[in-house]
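Working notes, beginning with the structure itself.
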Amino acid sequence: MGREVMAVMSVLFLILFLSFSSCEVSFADTTTSSLHKQNLSTPLNPLSPRASLIRYWNKHISNSLPKPLFLLSKASPLSAIDSAILTKLATQNSLSLHLDSFCSLANLFCFFDTKQILRNHDQDSNFALYSNKRFTNYGGSRLSGVDSFKNYSNGLNSVADSFLRYSRESTGHSETFTNYGNDGNVANATFGNYGSAATGGSGTFKNYDNRVNVPGLRFTTYASDGNDHKLSFSSYSDETNVGAQGFNSYGKKGNGVPSEFISYGRDSNGIESKFTGYGELGNAANDSFTGYGNSGNNPHNNFKSYGSGANSAIDRFSRYRNGANVGQDSFQSYAKDSNSGKVSFANYGKSFNPGNDSFIDYGKGSKGVTTIGFKSYSLDRSFMVYKDKGVTFAGYSNTSSMPSDNGVSVKKRWVEPGKFFRESMLKQGNVMVMPDIRDKMPERSFLPRSVVSKLPFSTTKMAELKDLFHASDNSTMTRVLINALAECERVPSHGETKRCVGSVEDMIDFAVSVLGHNVTVRTTENVKGSKKRVMIGSVEGINGGQVTKSVSCHQSLYPYLLYYCHSVPRVRVYEADIVDVESKEKINVGVAICHLDTSAWGPEHGAFAALGSSPGKIEVCHWIFENDMTWTIADRG
């Protein structure tokens, strides 16, 4: 009876509160509302979202096992009052008018894009272990000198750097970016009028934005009107996830501006690059793309008006998009109206699965001896209105280069040590490398179901989402929204059941729908041992070490905490003590999942590169990383 009375009182309280609330809302103080900073043992207001979650857990989970504190800590920190106000605002579609308060109170991450700050600098600089700065008019009109950016913005969340009018009108000024923005999350850099009208000197980008999740890079009028200002991109955006790079009017009207892209976008997932007006009207430009987009997953590259109207330009595409999965390239008005240019495509697009490339007005109207060569070029290419003189096709494949070994190719590429391993490694006394299991996503909390259920969440409602989060066109926030929704709306693979969840209640519902009510959830205890050699201590097989099924949930980048959850059939799940190799002390408890059926995995999967096998021939195991989790049937009630 006591619980029924409390429930009735709760409903009456909310009705009265919402009845008297006006549009001029006033939120509680953020310091008192931020429960995510408080100890979980703090007594809860029975009307708070967290208290409601605990009641939901007790109702839908049938066992009496201890509740997972790591999951409860992600619940909404909103107070009962703030939750009621935000629920009403969400119902009225007016949360966008209170975005700052909404994001602060609910512990969201809403501001991926930052404003510019104007500064002038005129001396040599060395930036080591530096981050998140705006460089405006930096190195402008400089005579010689070197600026060095080393280990800049590495390992940060939401890196936002801006280089406006950097080295503009300089002479012999060199810039070096080494290990720039690596291992970050949402790197967002803007290079506007970079090297414009510069004479001599060079710009070097080495190991730039590698292993970054959703890099957003914009090069606008980069080296425009430049004179022999060499630009080199080495290991640029390798192993990134999604991402978009824009090169707008890059090298436009440049004189002898050589550009090198070496290992650009290699092993990346869905990276998109746009080269608009690149080298347009340039004189004797020399551009080289080597190992560009190799082994990537569905890379998209767009070259629009690239080299159009140029004089004696030389472009080389060597091993471009080799071993990539599908992919799409567009060359529109490439080398159009150019004079005596030379374009070479060697080993272009030798992909696992046929891609879709389009060449429109390619070389049209060019003069002189414009040589365009395609060597070892593969299937599914469309040439519309290309120059029919001076174009050679050597070794053109009628079919894409398909993998050997019964359709399987094991690519010899770098995979982080310890990221994948065999089940036999999970034995006491074995020493192995643990990968970097640290969570690189920004800290966020779930929303209460009462709020998240009223927010738009569909690509068909992108306009509403952009309005809610104040996302402008082509902004990093817009890409974050699009990427998350695309993954959530992706058609499930064979045998997969999946759902994206923005509240703990939704996650519970999905796990219960797959596994039943007697479930539990696990994650690796901490990040100790990460990127080090560790020893395996005692090992416990979940569900008696038998073949079972699980629900794994992985974070997605989104303003509020969003998880991509999917059913994983035919697995074995283990808990293993992680022991320091030297002291022999237990430092962690790792959760590992072993996928027994890998027959549906792509041959380009990193697991096969790391372990030296192919789909369906071996099992593949990996650790559950920080803040990811896996649900299984509980071993006891």
Side-chain angles (χ1 to χ4, degrees), residues 1-15 17 33-84 86-87 106-107 444-454 497 499-523 525 542-543 548-553 560-563 565 567 573 575 589 591 624 627-637:
M1 181 63 69
R3 289 186 177 180
E4 294 177 357
V5 171
M6 180 61 72
V8 172
M9 290 178 64
S10 300
V11 173
L12 289 174
F13 172 82
L14 291 175
I15 292 175
F17 180 80
S33 297
S34 298
L35 290 180
H36 66 283
K37 296 181 180 179
Q38 297 184 17
N39 191 298
L40 289 176
S41 62
T42 302
L44 293 176
N45 182 327
L47 302 179
S48 70
R50 187 167 289 154
S52 175
L53 168 61
I54 292 175
R55 291 193 295 272
Y56 196 87
W57 181 283
N58 291 336
K59 181 178 179 181
H60 291 84
I61 305 298
S62 62
N63 59 65
S64 57
L65 294 171
K67 296 177 178 61
L69 296 183
F70 75 88
L71 180 57
L72 296 182
S73 68
K74 303 178 190 305
S76 174
L78 290 170
S79 68
I81 294 176
D82 290 342
S83 178
L86 292 174
T87 299
N107 189 33
R444 296 149 298 154
S445 295
F446 281 114
L447 285 173
R449 177 182 269 183
S450 61
V451 175
V452 75
S453 62
K454 295 175 175 60
T497 304
R499 185 180 302 171
C500 286
V501 298
S503 71
V504 186
E505 292 90 340
D506 289 338
M507 184 182 287
I508 292 173
D509 284 353
F510 181 67
V512 166
S513 70
V514 175
L515 303 172
H517 290 276
N518 184 28
V519 293
T520 188
V521 61
R522 295 176 175 86
T523 190
E525 190 172 278
I542 306 305
N543 298 154
T548 184
K549 60 181 177 179
S550 70
V551 168
S552 289
C553 296
Y560 54 81
L561 192 55
L562 181 72
Y563 275 83
C565 296
S567 62
V573 181
E575 275 190 334
V589 178
V591 176
I624 299 297
N627 286 325
D628 288 347
M629 61 194 79
T630 187
W631 295 74
T632 59
I633 298 171
D635 285 326
R636 56 188 176 87

Contact summary for T520 and A634, nearest pair of heavy atoms:
CG2-CA, 4.1 Å
R499 vs V514, side chain to side chain contact (heavy atoms under 4.5 Å, CB included): CA-CA, chis, key distance, verdict
CA-CA 11 Å; R499 185 180 302 171; V514 175; over 6 Å; no
Less than 4.5 Å apart, any side-chain heavy atom of P68 and any of W57?
yes
Give the minimum heavy-atom separation between L515 and W631, together with the two atoms involved.
CD1-O, 3.5 Å
Does K454, at its NZ atom, have more than 12 non-hydrogen atoms belonging to other residues, nucleotides or ligands within less than 6.0 Å?
yes
Drop me the distance from I508's CD1 to S513's OG, to the nearest 0.5 angstrom.
12.0 Å
Measure from the side-chain N and O atoms of N63 to the backbone N and O of V519, and report whether any donor-acceptor pair falls under 3.5 Å.
yes
With a 4.5 Å heavy-atom cut-off, do N627 and Y563 have their side chains touching?
yes
Would you tell me whether C553 and C565 have their SG atoms within less than 2.5 Å of each other?
yes
If you compare all heavy atoms of L72 against all heavy atoms of R50, which two are closest, and at what distance to 0.1 Å?
O-NE, 3.6 Å
For A106 and S445 the tightest heavy-atom approach is O-CB, 3.7 Å
Which is it for V512 and I61 under the side chain to side chain contact (heavy atoms under 4.5 Å, CB included) test, yes or no, and what are the steps along the way?
CA-CA 8 Å; V512 166; I61 305 298; 4.1 Å; yes
Backbone N/O of P448 and side chain of S503: donor-acceptor pair under 3.5 Å:
no
Distance (rounded to the nearest 0.5 Å) between I54 CD1 and K59 NZ
16.0 Å
Could you check if a side-chain atom of N45 sits within less than 4.5 angstrom of a side-chain atom of S79, using non-hydrogen atoms only?
no
Does any non-hydrogen side-chain atom of I624 lie less than 4.5 Å from one of R522?
no
Heavy-atom pair of closest approach, residues M507 and M629:
SD-SD, 3.6 Å
Are the side chain of T497 and the backbone N or O of S567 linked by a donor-acceptor pair below 3.5 Å?
no
K67 versus L53: any side-chain heavy-atom pair under 4.5 Å?
no
Listed by chain and number, what are the ring pair (Phe, Tyr, Trp, His ring centres under 6.0 Å) partners of F510, not counting sequence neighbours?
none
Gap separating the CZ atom of R449 from the CG atom of D506, nearest 0.5 angstrom
4.5 Å
pair N543-V573: side-chain heavy atoms closer than 4.5 Å
no
Contact between T630 and S552 at the side-chain level, heavy atoms closer than 4.5 Å - yes or no?
yes
Shortest non-hydrogen contact from S83 to S450?
OG-OG, 4.1 Å
After noting the C-alpha distance and the side-chain angles of Y56 and V504, does the key distance pass the side chain to side chain contact (heavy atoms under 4.5 Å, CB included) rule?
CA-CA 9 Å; Y56 196 87; V504 186; over 6 Å; no
Any side-chain heavy-atom pair of T548 and I542 under 4.5 Å
no
